[in-house]
Amino acid sequence: MIDPKLLRTEPDHVARHLARRGFILNVDMVRSLEARRKAAQKDAEARQAARNARAKAIGRAKAQGEDVTALMAGQEEEARGLAAAEAELGAVQAAWDEFVSTLPNIPAPDVPDGLSAADNVEVRRFGTPPQCPFPARDHVALGENLGGLDLAAAAKITGSRFVVLRAGLARLQRALIQFMLDLHTKEHGYTEVYVPYLVNGESLYGTGQLPKFAEEQFGIAGFPYFLIPTAEVPVTNLARDTIFARSELPLRYVCHSPCFRSEAGAAGRDTRGLIRQHQFEKVELVQIVAPEESVRVHEELTHHAEVVLQRLELPYRVMALCAGDMGFAAAKTYDLEVYLPGSGCYREISSCSNFGDFQARRLNARARLAGPKPELVHTLNGSGLAVGRTLVAVLENYQDADGRVRIPEALVGYMGGETVLSPQARQSTPP
RNA sequence: GGAGAGAUGGCCGAGCUGGUCGAAGGCGCUCCCCUGCUAAGGGAGUAUGGGGUCAAAAGCUCCAUCGAGGGUUCGAAUCCCUCUCUCUCCGCCA
């Protein structure tokens, strides 16, 4: 949430910054709601003060055994007036909250201008796309050839945008998860957490998925719960309604979880293969830090995600998202894009964002730092990495002319020493 | 699923026969004193959010908040109702 004080006092300033994202702030709405709020609050509080003073006077009088009938006289009208004033205040506040909760975050000053992905800026690049002496197959062809990727089975069990993995591919996915968790816990100083995969509405509000993106969430019929779209939601919500001591920060969490997305707005996009699924595995990095740390930590966290790609020797580039291409809650975002020979292009495999105090304000997540008052913390997260897409990248980058797939050096230990996946008929795991 | 107990400030914990209770006491924290150092000791302060006043800060002042929401009442942490969560016992179960 945008700082309501800033919004009230400098609506034009906020409007200018939001315009960079292509978001038109209704400044008149801000002004009129604020005027109405101020009047309603003054009125309601004056009436409450009068009621409190009267009640105290009655209490004092009674304690001294005095007659209080005079003080008690003519209360109904004032009670009605107070009730009406409180109702008006409540209505204005509800309208304000509803309005403010749908405003996206203000982009950081160094976020590139632009309104679409075409305006994103390449920051750096690692590795070079492999020169294939044979026509590169995509991951679906490779996976099916290996006998371990079965989209038809998933479609039968559930529907489209799901997958069944078998044998070597199932193990390769598990190896990737294990490798990422070990890297981040042992070398990057993150604490592994296990969290619920169903969350309540408050948690989705806290990280910014609600109220604006309700149609993208999977709900649970009969329960007020939602399947998590990313581990960011439960993990960041660990900080909700909490006041941290300075010594407790930074909090660095790594969490593997499945992610569930309705992909409501993506009908017809990426319909082939594992790129866009309703369910996928992800290893997520989350940090809760003091405000002055977040810009530095954002670079650091992005680097932590990059190391995964470097160790897997997958070519990638780092893109600074332009203001118009960033997510709702982000102040600044770097996307990591991995090269996929099957489609001959770079594809997003990680998104690393600094949210500033935007999520913290919604979460009421604070820390005692320099001053006497608790301050809002800053939150960050990034995929480290999206496992499904990493699996795609490994298959496509490590294929040979015969359709076999080498195991990246970093994963051999996690594959029980196996160095290659070879085509085989669909079957159970070999003995 | 059945029966019972509970939810209070950063933490623990009184208050719960309704009236200066935003709330005793302790711990922690901050500042000061004492102390050769350390330990111990003494004093003061210390909830959060919002409004008004002010050029601004400080200060002053008002409002809200004792799990959440509703009700009773001139007045609710205290009484009533609903819900949520935690704990104990029983049952069931991976």
Side-chain angles (χ1 to χ4, degrees), chain A residues 1-10 30-101 194-206 210 220 222-226 234 237-249 251 288 290 357-377:
Chain A
M1 198 159 71
I2 292 178
D3 182 1
K5 228 173 240 172
L6 182 69
L7 191 58
R8 282 199 299 258
T9 55
E10 312 266 4
V30 174
R31 290 223 168 83
S32 71
L33 276 174
E34 167 61 2
R36 211 178 127 203
R37 188 222 104 234
K38 192 173 264 186
Q41 184 163 346
K42 274 186 169 176
D43 182 40
E45 290 190 353
R47 290 175 191 274
Q48 286 168 331
R51 176 204 60 196
N52 292 346
R54 193 165 57 238
K56 270 186 184 170
I58 291 172
R60 262 195 305 272
K62 266 198 171 172
Q64 292 170 7
E66 295 170 11
D67 179 43
V68 296
T69 50
L71 287 166
M72 305 270 281
Q75 297 304 310
E76 301 82 33
E77 197 177 332
E78 298 197 28
R80 269 199 304 277
L82 175 59
E86 286 180 334
E88 162 66 4
L89 180 58
V92 186
Q93 275 171 344
W96 174 266
D97 289 346
E98 192 186 334
F99 177 71
V100 175
S101 66
Y194 171 82
V195 294
Y197 300 153
L198 296 180
V199 295
N200 57 36
E202 288 78 54
S203 292
L204 282 170
Y205 176 86
L210 288 184
I220 306 294
F223 293 87
Y225 302 147
F226 300 85
N237 270 275
L238 287 169
R240 175 145 58 94
D241 295 322
T242 305
I243 300 176
F244 296 101
R246 159 145 255 157
S247 59
E248 294 176 276
L249 302 180
L251 257 42
I288 313 288
D357 63 14
F358 187 88
Q359 290 183 327
R361 186 169 289 108
R362 291 172 159 247
L363 293 161
N364 192 25
R366 298 169 295 171
R368 292 187 193 283
L369 302 168
K373 295 285 181 192
E375 300 172 49
L376 292 168
V377 297

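Remember, predicted model here, so these are calculated numbers, not experimental data.
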Output the single nucleotide from [options] whose closest atom is nearest the side chain of [X].
{"X": "A:Ile58", "options": "B:U48, B:C63, B:G19", "value": "B:G19"}
{"X": "A:Ala55", "options": "B:G75, B:G51, B:G52", "value": "B:G75"}
{"X": "A:Lys5", "options": "B:C63, B:G52, B:G50", "value": "B:G50"}
{"X": "A:Arg37", "options": "B:G52, B:G51, B:A47", "value": "B:G51"}
{"X": "A:Gln48", "options": "B:C63, B:C74, B:G10", "value": "B:C63"}
{"X": "A:Glu45", "options": "B:G50, B:U48, B:C74", "value": "B:G50"}

For [N], does either OP1 or OP2 sit under 4.0 Å from a side-chain N or O belonging to [X]?
{"X": "A:Lys56", "N": "B:G75", "result": "no"}
{"X": "A:Asn52", "N": "B:A64", "result": "yes"}
{"X": "A:Arg51", "N": "B:C63", "result": "no"}

Donor-acceptor pair, A:Ser101 side chain versus A:Asp97 backbone, under 3.5 Å?
->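 Side chain of A:Ser101 to backbone of A:Asp97, a donor-acceptor pair under 3.5 Å: yes, one is there.
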
Relative to each other, are the rings of A:Tyr225 and A:Phe223 parallel, tilted or perpendicular (30° and 60° limits)?
-> parallel

A:Lys62 (side chain) and B:G19 (base): donor-acceptor pair under 3.5 Å =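 Indeed there is one.
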
In the strands shown, is B:C83 matched to any nucleotide by a Watson-Crick or G-U wobble pair with both distances under 3.5 Å, and which?
->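 The base-pairing partner of B:C83, which may sit in any strand shown, is B:G67.
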
Identified pairing partner of B:C60, criterion: Watson-Crick or G-U wobble below 3.5 Å =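 When the pairing criteria are applied, B:G52 turns out to be the nucleotide that pairs with B:C60.
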
Side chains of A:Leu7 and A:Val100: does their closest heavy-atom pair fall under 4.5 Å?
->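 A side-chain contact under 4.5 Å exists here.
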
So does A:Glu78 pair up with A:Arg54, basic N to acidic O under 4.0 Å?
->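 A salt bridge links A:Glu78 with A:Arg54.
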
